[in-house]
Structure formats: structure tokens, C-alpha cells
Novice: 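This is the structure I want to talk about, given as C-alpha cells.
For reference, positions follow the sequence shown, starting with 1. Only a predicted model underlies this, so the values are computations on that prediction, with no experimental measurement involved.
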Amino acid sequence: MYQNNPMKKFDLHFHSTNSDGKLSVPELAKIIKAKKLDFCALTDHNTVDGIRELETCLDGSGIKVIPGVELTTKYNEDEVHILAFDFDVDEAAKILKERNELIRRQKIEEMEKSIELSRKEGLEITPALLPVEKQPVTLTIALDICASRFNQDLLLERHGKPFIPEDVFFEYQAPGKSCAVERSGVSAEWVVEKFKGVAQDLIIAHPFVRVSVVTKPLDEMRIKDLLRIGMTGIEMYHSKTSDEQIALIKKIVQENELHYTGGSDFHGRETDPSIGEYGPDRILSDFYLANYASG
């Protein structure tokens, strides 16, 4: 195990233009060097394409790049993000290729079913509408519905107001509603099965954060259920995690001898914490992974 002293600086959660970040890998590397980090992990959503480039950009700097990725998974009827760390990049890329192809096929079937149900509700859908790679099928259809004057007139008559995509989801697409279809995606169990023996750590990302407007944050019971499935730890430090929630995570971590991490979740937005921080003047101070630990 690599021991880093308490003064070491790190950030184990940030994103580049390879997923939904606004800065390129070289731009991120420049910030990481300026911040004088000792450890970093690029955790783009469902891709490891930027890791080797980051290693090249930081070559000779003495900064350790821990391979990372943020995985979108299904958990019952909800969505959970899992941070995988410390893996062979080529092996992880193979798993992600399998995942993305599986979801591509699922989304085609999901869209066909969802369009059929939407039309049964009298809603117009653009002919030959196709899934968008990095967008949920429900959102693609909801956006299409809301862009139609015919649909807006119909919805105004039915519900007394014009609709936005969230309204379409909660009124028609949510579980139990008339246009509900099982969402595409791989389960948390699938991720554990595929990454077991490849990634040294599988960390529950920002457990108390709602990852979209149509999902729920986790609670303590569901966190412990995910740990039983095979997660090795929890992301403790995050800008949207309160001090009370951090205290609860510490309690769960200590009671179960788990690993833990922290990160800025930097996307390049003006409102994001700076790399190496999880809030204004809140420096990331410690983390514990299978092969890397603080203090």
C-alpha cells in the first residue's frame, strides 16, 4: 500500500470533455499542476478515454494518476453512480465497450416501446426519432413532446398548463404511469461482476446527491444494501454533501472498515468547487483506497 502523508494534495473526482466536462484533458492537467496535487483521478462518465492523455500531460511532474471512471448504473427503479478506481485501462475499456453496446441496443427497444405508449396517449412523436447517446430515452421523448405545438395544446387542455420535460416524466413516464418503460442501463450487480478483479475499488459516488431530477438520493439503508452487493467504500467529501451527511458516512465507514474518497466533481462550470477542494476553502484532506491511503 502506498502511504501519503496528511499534507499531500489530491482530487479523485473530476471530468473532462470526454464526457460532460467543459475543459479538455490538457486544460485540466494545467490546473492540476498549478494546484500542485500529488494524486488525481479523472473520472469521466462511462469512459476511460482521457486517462492515458492525462498521464502523458502530467509525465515528469511527480503527480500520480490513479485510473478512475464514474459508472452510471441502475439500482432497483433508481440510478446510482459508482466510482471505479485503480484498474488496467485496457481491461476497463473492454468492459465499457460491452456496457455501451448493451445499452445502445436496450435504448432502441426502450424508445420503440415508449413511442408506442406515448402515441396511445394521443401525443405526437417525430417520425424516425432516435435515441441520443448520452441522454436518457425518457428525456429525448419528453423534449420532443414539449417541442410540439399540437402536444402543448393537448396538454394544456388536459392539465391546465404547458408542459416542460419534467412534467412529461412525472405525468406519463414515471414508474406506474401510462407510458412507463423499464429504463435502459446496467445494474450495480452487473458492474460488480464485471469489475471484480479488474478495479481495486468500487466507491458509491455522492450518495446523498440527486443525480437527476427524476431520481432519489440514497439513504443509509440503501447505502448499506449497495455495500452488501459489493461496493468497497463511499465518496465522503463532495460539495453537495453536508457536514451532517459526512459525519454519517464516517460512521458507516468506521463501523464497516470501508474505503472512502473525496473530490471536487469539477466540470469546468463557474459554480464548481476548484480542483482539490469540495467547497469554498474546504480542502480535500484524506482518502483511503486499497492501494493508496492517507496519514
Novice: Enter the distance from Leu227:CG to Met231:CE here, rounded to the nearest 0.5 Å.
Specialist: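 Interatomic distance, Leu227 CG to Met231 CE, rounded to 0.5 Å: 8.0 Å.
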Novice: ring-ring contact (aromatic ring centres under 6.0 Å, His included): which pairs involve residues 100-140, sequence neighbours left out?
Specialist: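 For residues 100-140: none.
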Novice: Would you give me the side-chain donor-acceptor pairs under 3.5 Å for residues 26-33, sequence neighbours excluded?
Specialist:
from, atom 1, to, atom 2, distance (Å)
Glu27, OE1, Ser24, N, 2.8
Glu27, OE1, Ser24, OG, 3.2
Lys33, NZ, Cys57, O, 3.0

Novice: Using atom types as modelled and distance alone, determine if a side-chain donor or acceptor of His45 lies under 3.5 Å from a backbone N or O of Leu71.
Specialist: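 No.
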Novice: Less than 3.5 Å apart, any donor N or O on the side chain of His238 or Gln245 sitting next to an acceptor on the other?
Specialist: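 Not at all, the side chains of His238 and Gln245 share no donor-acceptor pair under 3.5 Å.
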Novice: Quick one: does Lys22's side chain get under 4.5 Å of His267's, heavy atoms only?
Specialist: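 No; the side chains remain at least 4.5 Å from each other.
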Novice: Please list, chain by chain and in numerical order, all residues satisfying ring-ring contact (aromatic ring centres under 6.0 Å, His included) with Phe85, sequence neighbours excluded.
Specialist: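 For Phe85, no residue satisfies ring-ring contact (aromatic ring centres under 6.0 Å, His included) once neighbours in sequence are set aside.
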Novice: Restricting to salt bridge (charged side-chain N to carboxylate O under 4.0 Å, His left out), what partner residues turn up for Glu101, sequence neighbours left out?
Specialist: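 By the salt bridge (charged side-chain N to carboxylate O under 4.0 Å, His left out) rule, Glu101 matches Arg104, Arg105.
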Novice: Using distance alone, with no hydrogens and no angle criterion, decide if Asp11 and Ser264 have a side-chain donor and acceptor under 3.5 Å apart.
Specialist: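 Yes, a side-chain donor-acceptor pair sits under 3.5 Å.
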Novice: Do Phe287 and Tyr260 have ring centroids that are under 6.0 Å from one another?
Specialist: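 Not under 6.0 Å, so no.
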Novice: Taking only residues at least two apart or on different chains, which pairs with a member in residues 113-122 satisfy side chain to side chain donor-acceptor pair (under 3.5 Å)?
Specialist: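 As it turns out, the side chain to side chain donor-acceptor pair (under 3.5 Å) pairs with a partner in residues 113-122, which skip direct neighbours, are Glu121-Ser178.
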Novice: For residues 182-189, which side-chain donor-acceptor pairs fall under 3.5 Å, sequence neighbours excluded?
Specialist:
from, atom 1, to, atom 2, distance (Å)
Glu182, OE2, Lys74, NZ, 3.1
Arg183, NH2, Asp78, O, 2.7
Ser184, OG, Gln106, O, 3.3
Ser184, OG, Lys107, N, 3.2
Ser184, OG, Glu110, OE1, 2.6
Ser187, OG, Glu189, N, 3.4
Ser187, OG, Glu189, OE1, 3.4
Ser187, OG, Trp190, N, 3.0

Novice: Does Ile203 reach the side chain of Leu289, with side-chain heavy atoms less than 4.5 Å apart?
Specialist: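 The answer is yes, as the side chains (C-beta and beyond) meet within the 4.5 Å cut-off.
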